[in-house]
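First up is the structure itself, then whatever we jot down about it.
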Protein chains: 2
Amino acid sequence: MPTARADKQRDLLDGALRVFARDGYSRASIDAIAEAAGVSTRTIYNHYGDKAGLFKAVILDSATRVADHEIALADRLLAHIVDLQTDLVAFGLAWSAHDPATADHFALVRQIQADSAHIDGEILGAWQEAGPVRVRGAVAAHLKAHAAAGLLHINDENIAALQLIQLTAGSVMAAPGARPERIIRAGVDTFLAAYQPSTSYS
Amino acid sequence: MPTARADKQRDLLDGALRVFARDGYSRASIDAIAEAAGVSTRTIYNHYGDKAGLFKAVILDSATRVADHEIALADRLLAHIVDLQTDLVAFGLAWSAHDPATADHFALVRQIQADSAHIDGEILGAWQEAGPVRVRGAVAAHLKAHAAAGLLHINDENIAALQLIQLTAGSVMAAPGARPERIIRAGVDTFLAAYQPSTSYS
DNA sequence: CATTAATTGCAATGAGCGTTGTACTTCGGC
DNA sequence: GCCGAAGTACAACGCTCATTGCAATTAATG
C-alpha cells in the first residue's frame with residue numbers, strides 16, 4: 001500500500017500554518033492554503049473533511065512541535081547553571097528570538113486568542129495542554145531543581161515560572177519597539193531580586 | 001440644521017465594537033453590526049464610507065475611552081499610597097477586573113494584534129499612542145513620584161511600569177484558569193522585592 | 001509490470017457579504 | 001407647519017469562497 005506521497009502531509013500542515021497565522025481562520029481561504037502548500041484543494045478535504053478540521057490539526061501540530069522545541073531549549077540552557085543572571089538572560093534571549101520557523105506559530109497563537117469565541121472549547125483546552133502548560137511545567141521543574149540546590153528561594157515553582165516568562169518573553173512582546181535585550185536584562189534582575197536567596201527572603 | 005438624531009453615532013460605535021470584538025474584522029458583517037447597533041446598513045456607509053473606515057473609527061474611539069478610564073483608575077488608586085503592597089494589589093485587581101464595558105475593548109485589542117498584518121500601519125501607531133503608551137506613561141509617572149518620595153528604588157520608571165503590568169494584569173491573562181488574586185499578589189510581591197528599598201538595592 | 005491508494009483538475013453549486021442607487025420616511029430647528 | 005438633514009427599506013450587482021462529485025493521473029509497493 002502506497003504510503004503518503006513524499007510528504008504532502010507535512011507540506012500541507014506547514015503551508016496551512018503560514019496562511020492561518022497571517023490571515024486568521026476566517027480570512028484564510030482553502031485555495032490560498034492549497035497554493036501555499038503546493039497541494040490541491042481536494043486533498044485537503046480528503047484528509048481533514050473541512051476547513052475547521054484542518055485548523056484543528058494545524059493548531060495541535062504546531063503547538064506540540066514548538067513546545068518540544070522550547071522544552072529542549074530549557075533543558076539545554078537551564079539544566080546546568082554557571083551564573084544565574086547570565087544563564088537566565090541567555091534563556092530569555094533565546095526564547096524571545098523567534099526564528100522565522102516559530103514566528104508563524106506565535107502569530108497563530110494570537111489568531112487563536114482573538115478567535116477563541118468561535119473555537120471549540122475542547123480544542124482550546126487541548127492546545128493549552130499540548131503547548132503553554134507543558135512548557136511552563138518544564139521551566140518550573142528546572143526552577144524547582146535549582147531551588148532544591150539552594151540557588152533560589154521559591155514557594156510555588158509554577159508561579160515563579162509564569163513570572164519569569166512574563167518578565168522576559170512576555171514583556172518583550174508587550175512592548176514592541178523597545179530593545180529586547182534591555183527588557184530581558186531588567187526582567188531577570190527583577191526576578192532574581194525576588195527569588196535569589198542572597199538578595200531577598202520571602 | 002438638525003443635529004445627529006438621538007445618538008445613533010454612539011450606538012453605532014458601541015454596536016460595532018461589540019461585533020468587531022467578538023468576530024474580528026473579517027467575520028464581522030455589516031449586517032450584523034447594523035442589527036447590533038440598531039442602525040441601518042446604509043447609515044454606516046453614509047458615515048464611514050466603508051467597512052475599513054468604520055473599523056478605524058471604532059479602534060480609535062475605544063482605545064481613547066478605555067485609556068482614559070485606566071488612567072483615571074491609576075490616578076485614583078496610585079496617587080496616595082497608604083501601604084504599598086495593599087494598594088498595588090488593589091490596583092492590579094481593579095485593572096484585571098475587566099468590567100463588561102472594557103471587556104469588549106480588550107477582545108478588540110486581541111483582534112487587532114492578530115490582524116495586524118492587514119491593518120494600516122498608521123492606524124496601528126495611532127492606536128498604540130492613544131492607548132497602551134499613554135497608559136504606561138501614566139503608571140510610570142506615579143511610580144516615579146513614589147520613587148522620588150523614597151518609597152521605591154527605580155532606575156527606569158518606564159521599565160518598572162511595564163514590569164508591574166506584566167506581573168499583574170499580563171500574568172492573569174497569560175494563565176487563564178488560575179485565580180487572579182493569587183497571581184496578582186505573587187506578582188506584587190515579586191515587584192516589591194525588586195523595587196522596595198528595604199528589601200533590595202539594585 | 002500491476003495494483004492500489006493517494007492525489008489532482010475541473011466544473012458546478014449555493015451561500016454570504018460588501019457595496020451602491022433610489023425612493024421613502026422621520027426628526028429637529030425655525 | 002416647513003425644510004433640509006439624517007436615517008431607512010429594499011432590491012440588485014458582483015465577487016469570494018466552502019464544499020462536492022467525478023474522472024483522470026500519479027507513484028510507491030509487491
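The sequence lines fix the lettering, A, B, ..., with proteins before strands; numbering per chain opens at 1. Just so it is clear, the model here is predicted, and its values are computed rather than measured.
- Looking at heavy-atom distances under 4.0 Å, Ala28(A) makes contact with sugar-phosphate atoms alone, never a base.
- Using a distance-only test at 3.5 Å, with no hydrogens or angles considered, a donor-acceptor pair links the side chain of Lys51(A) to the main chain of Tyr25(A).
- Nearest to the side-chain atoms of Lys8(A) among the listed nucleotides dT8(D), dT8(C), dA18(D) stands dT8(C).
- Taking atom CZ of Arg10(A) as the reference point, atom C1' of dA6(C) lies 18 Å away to the nearest angstrom.
- Between the CD atom of Gln9(A) and the P atom of dT8(C) there is a distance of 11 Å, given to the nearest Å.
- Of all nucleotides listed (dT7(C), dG18(C), dC17(D)), dT7(C) comes nearest to the side chain of Thr43(A).
- No side-chain donor-acceptor contact under 3.5 Å links Lys56(A) to the backbone of Tyr48(A).
- A straight line from OH of Tyr45(B) to P of dC17(C) spans 11 Å, rounded to a whole angstrom.
- Ile44(B) has its CD1 atom 11 Å from the P atom of dT19(C), to the nearest Å.
- Taking only distance into account, the side chain of Arg42(B) meets the base of dG21(C) through a donor-acceptor pair shorter than 3.5 Å.
- Summarising the geometry, the separation between CG on Asn46(B) and C1' on dT19(C) is reported as 12 Å, rounded to the nearest angstrom.
- Put simply, CG on Leu54(B) is 10 Å from P on dT19(C), counting in whole angstrom units.
- Remark: His47(B) is in phosphate contact with dG7(D), judged by side-chain N or O atoms under 4.0 Å from OP1 or OP2.
- Side-chain nitrogen and oxygen atoms of Ser40(B) include none within less than 4.0 Å of the OP1 or OP2 phosphate oxygen of dG7(D).
- Here the closest non-hydrogen pair linking Phe20(B) and Ala28(B) is CD2-CB, 3.7 Å.
- When side chains are defined from C-beta on, Asp115(A) counts as touching Arg27(B), because their heavy atoms get closer than 4.5 Å.
- Atom pair Glu35(A):CD and dT8(C):P shows a separation of 14 Å (rounding to whole Å applied).
- Of all heavy-atom pairs spanning Ser171(B) and Gln166(A), the tightest one is OG-CG, 3.2 Å.
- Phosphate proximity of dC17(D) to Lys51(A): absent, as no side-chain N or O sits under 4.0 Å from OP1 or OP2.
- Distance, Ile30(B) CD1 to dC17(C) P: 11 Å, rounded to whole Å.
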